[in-house]
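Quick notes on the structure that follows.
Because the structure is a prediction, the values reported are computed rather than measured.
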Amino acid sequence: MPVWEIVLRYGLLLAVLALMIGPFLWQLSTSLKGPHEDIFSSPPKFLPSDPTFHNYERVADTIPVWDYALNSLKVAAANVVTNCVGAALAGYALARLRYRGRKAATLVFILAMLVPVEGIIIAQFTTMRELGLNNTLIGVLLPGCVSALNVLLMRNAFLNVPYEIEEAAFVDGANVWQRFVRIALPAVKGTLAVVAIFAFMGAWDDFLWPLIVLSDPERFTLTIGLNYLHGTFANDERLVAAGTVIAVLPLIVLFACLQRYFFRGVGEGAVKG
């Protein structure tokens with residue numbers, strides 16, 4: 001490979017990296033700057049001259065940020081469990097079981113991905129109201145407890161597992177549940193990690209649906225609570241930046257813990273069945 005091509009490739013990668021993580025690093029830098037430091041200086045000054053965590057203390061004093069974070073954590077953790085269990089069961093049924101309408105069921109999941117959330121959000125709100133789940137964290141969780149995308153990811157991952165292994169287990173007397181739990185599921189741990197990350201990120205970052213279904217401030221999730229910083233303290237960029245870093249930090253920790261399974265899972269679920 002020519003040297004110029006290597007330089008061009010890595011130059012493009014560095015440019016994309018800067019575009020992806022640059023805004024977050026700038027927010028992190030802004031959150032550590034003191035009240036007397038100019039954050040709009042020209043040329044911009046990236047590193048704080050006198051780093052301080054006072055802005056994070058101010059966020060906690062302004063809103064009950066840890067209560068909001070706990071509510072978000074409850075919803076996100078439940079969303080991970082329901083998506084991992086539900087998507088694994090549905091994906092296995094679509095990939096391995098033989099029954100009438102299997103292809104039609106797969107098509108339904110594909111079509112469900114094409115429907116925008118905004119198009120069904122009124123129906124979701126009406127359903128939650130009829131069930132008496134408005135203004136509850138269960139009402140926040142329920143519409144996204146099993147994602148069509150996660151089901152299809154698990155389906156493709158199960159299709160990549162050699163069927164001969166399950167046939168051998170069937171000959172040895174294993175039933176469907178035993179083949180699912182002991183053979184198929186351990187073979188797709190990487191895709192389960194992908195599903196867990198997607199589910200956690202989707203629930204943690206969701207803003208529109210919790211804003212619609214929740215009305216009691218004590219039940220607000222973190223994304224809604226941080227909106228108070230933007231509304232009331234819009235001119236205090238340091239406070240907003242500190243709240244943004246608090247919201248993003250759990251996602252970084254989760255991905256750091258599951259990254260090796262994530263990249264393995266992308267390969268497991270990427271092959272079409």
Side-chain angles (χ1 to χ4, degrees), residues 7 9-80 137 140 193-194 196-208 210-211 214 217-263:
V7 173
R9 178 177 298 181
Y10 281 96
L12 291 174
L13 288 174
L14 289 174
V16 173
L17 179 64
L19 288 174
M20 296 296 293
I21 70 172
F24 171 74
L25 293 179
W26 181 257
Q27 288 288 81
L28 177 61
S29 172
T30 303
S31 70
L32 296 174
K33 292 180 179 179
H36 302 295
E37 188 170 353
D38 186 8
I39 62 176
F40 299 108
S41 60
S42 181
K45 186 178 179 182
F46 184 76
L47 294 177
S49 59
D50 187 19
T52 177
F53 290 100
H54 180 61
N55 295 319
Y56 294 92
E57 297 176 3
R58 290 173 59 211
V59 171
D61 293 337
T62 305
I63 60 173
V65 63
W66 305 121
D67 293 338
Y68 294 157
L70 180 60
N71 290 337
S72 288
L73 184 61
K74 291 177 182 178
V75 174
N79 203 47
V80 169
L137 295 181
V140 177
V194 174
I197 291 175
F198 284 173
F200 190 93
M201 290 178 59
W204 186 269
D205 290 338
D206 194 13
F207 174 76
L208 179 60
L211 180 65
L214 295 176
E218 293 184 358
R219 295 187 174 91
F220 281 176
T221 56
L222 186 59
T223 51
I224 305 176
L226 292 178
N227 192 49
Y228 283 109
L229 301 180
H230 290 273
T232 307
F233 300 91
N235 294 326
D236 195 338
E237 298 294 338
R238 299 171 182 81
L239 202 62
V240 174
T244 302
V245 173
I246 291 174
V248 173
L249 191 60
L251 300 179
I252 297 176
V253 173
L254 177 69
F255 184 80
C257 295
L258 298 179
Q259 61 174 331
R260 62 172 181 168
Y261 300 106
F262 178 83
F263 291 113

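To the nearest 0.5 Å, atoms CG (L239) and CD1 (I63) are separated by 8.0 Å. The distance from the CD atom of Q27 to the CZ atom of F24 is 9.0 Å, given to the nearest 0.5 Å. Rounding to the nearest 0.5 Å gives a distance of 9.5 Å between CG of L208 and CD1 of I224. For the atom pair N71 CG and R219 CZ, the distance stands at 9.0 Å (nearest 0.5 Å).
Scored by the side chain to side chain contact (heavy atoms under 4.5 Å, CB included) test, A18 finds no partners at all (sequence neighbours excluded). Contacts of S72 classified as side chain to side chain contact (heavy atoms under 4.5 Å, CB included), with partners at least two apart in sequence or in another chain: W204, T221, L222. When the side-chain hydrogen bond (donor to acceptor under 3.5 Å, both in side chains) test is applied to N55, the partners found at least two apart in sequence or on another chain are R58. Under the rule for a side chain to side chain contact (heavy atoms under 4.5 Å, CB included), the partners of E37 that lie at least two apart in sequence or sit in another chain are K33, K45, P48, S49.
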query = Should L73 and F200 be marked as a side chain to side chain contact (heavy atoms under 4.5 Å, CB included) after you check the CA-CA gap, both sets of side-chain angles, and the distance that decides it?
reply = CA-CA 9 Å; L73 184 61; F200 190 93; 4.2 Å; yes
| task | Show your working on side chain to side chain contact (heavy atoms under 4.5 Å, CB included) between N227 and F220 and close with a plain yes or no. | result | CA-CA 11 Å; N227 192 49; F220 281 176; over 6 Å; no
inquiry  = With side chain to side chain contact (heavy atoms under 4.5 Å, CB included) as the criterion, how do L251 and D205 come out once you've worked through the C-alpha distance, each side chain's angles and the decisive distance to 0.1 Å?
reply    = CA-CA 9 Å; L251 300 179; D205 290 338; 3.5 Å; yes
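For the residue pair V80 and A196, the shortest heavy atom distance occurs at CG2-O, 3.6 Å. When all heavy atoms of V65 and A60 are compared, the pair lying nearest together is CG1-CA, 3.8 Å. The nearest pair of heavy atoms linking A203 to N79 is CB-ND2, 3.6 Å.
Under the 4.5 Å side-chain criterion, counting only non-hydrogen atoms from C-beta, Y56 is in contact with V245. At least one side-chain heavy atom of F46 sits under 4.5 Å from a side-chain heavy atom of L25. Within the 4.5 Å cutoff, the side chain of F255 has heavy atoms near those of the I197 side chain.
Without hydrogens or angle criteria, T223 side chain to D206 main chain gives a donor-acceptor distance under 3.5 Å. Formation of a donor-acceptor pair under 3.5 Å by the R238 side chain with backbone atoms of G34 is found in this model.
Pairs passing the salt bridge (Lys or Arg N to Asp or Glu O under 4.0 Å) check and including a residue from residues 9-30, sequence neighbours excluded, read E5-R9.
Around atom CH2 of W26, more than 12 heavy atoms belonging to other residues, nucleotides or ligands sit under 6.0 Å away.
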